[in-house]
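Note that these values count all heavy atoms, side chains included, but never hydrogens, waters or copies made by symmetry. What you see is a predicted model, and the numbers here were worked out from it, not measured in a lab.
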Amino acid sequence: MRQIILAWDGNLTEHLKYGVPFYYFQGKPFCYLYRNKTAKYPYVAIVRADKISNPLLEKGTRKKMKVLSVNPLEDIPVHIIYAIFDEVREEY
């Protein structure tokens with residue numbers, strides 16, 4: 001996942017915050033990687049995704065973030081991740 005995120009745009013920078021890999025776009029928080037505590041699946045939390053409507057994004061109780069869960073037993077949908085990132089980039 002790290003390589004996929006970093007390959008999307010050369011303007012992303014990686015930082016470690018609270019022990020979690022955060023990715024910044026143009027100096028502003030863009031997304032981070034984390035693991036669902038109950039299902040143990042990784043997910044990408046996308047910061048300014050509140051205006052994006054994609055059925056794969058889950059809002060839950062978050063206000064401005066949405067989560068894209070990734071099943072490690074299946075192929076990672078790189079083209080879908082990049083399409084979502086492209087939409088979110090417009091918010092920056």
What I'd like to find out is whether the side chain of [X] reaches to under 4.5 Å of the side chain of [Y], using heavy atoms alone.
X	Y	answer
Tyr34	Pro42	no
Phe85	Ile46	yes
Val44	Val67	no
Trp8	Gln3	no
Ser69	Glu58	yes

From [X] [atom1] over to [Y] [atom2], what is the distance, rounded to the nearest 0.5 angstrom?
X	Y	atom1	atom2	answer
Arg2	Ile4	CZ	CD1	12.0 Å
Asp75	Asn71	CG	CG	10.0 Å
Ile76	Met1	CD1	CE	5.5 Å
Ile84	Leu57	CD1	CG	4.0 Å
Ile5	Leu33	CD1	CG	4.0 Å
Asp9	Tyr82	CG	OH	10.0 Å

Is it possible for you to say whether Leu68 and Tyr41 belong to one hydrophobic cluster, with membership spreading through side-chain heavy-atom contacts below 4.5 Å? no
Under 4.5 Å between side-chain heavy atoms, counting indirect links through other Ile/Leu/Val/Met/Phe/Trp/Tyr residues: same cluster for Tyr18 and Tyr23 or not? yes
Looking only at heavy atoms, which two atoms of Tyr24 and Pro29 are closest? And how far apart? CD2-N, 3.4 Å
Any sub-3.5 Å donor-acceptor pair from [X]'s side-chain atoms to [Y]'s backbone N or O?
X	Y	value
Arg35	Lys40	no
Lys59	Lys63	yes
Tyr32	Val47	no

Would you mind checking if Lys51 and Glu91 are paired as a salt bridge, meaning a charged N to carboxylate O distance below 4.0 Å? yes
In chain order, what residues pass the ring-ring contact (aromatic ring centres under 6.0 Å, His included) check against Tyr92, with sequence neighbours excluded? Phe25, Phe30
Please walk me through it: do Met65 and Arg48 pass side chain to side chain contact (heavy atoms under 4.5 Å, CB included)? CA-CA 6 Å; Met65 271 189 219; Arg48 293 187 182 178; over 6 Å; no
Do Lys66 and Tyr43 have a side chain donor and acceptor closer than 3.5 Å? no
Among all residues two or more places apart in sequence or in another chain, which pass the salt bridge (Lys or Arg N to Asp or Glu O under 4.0 Å) test with Lys64? none
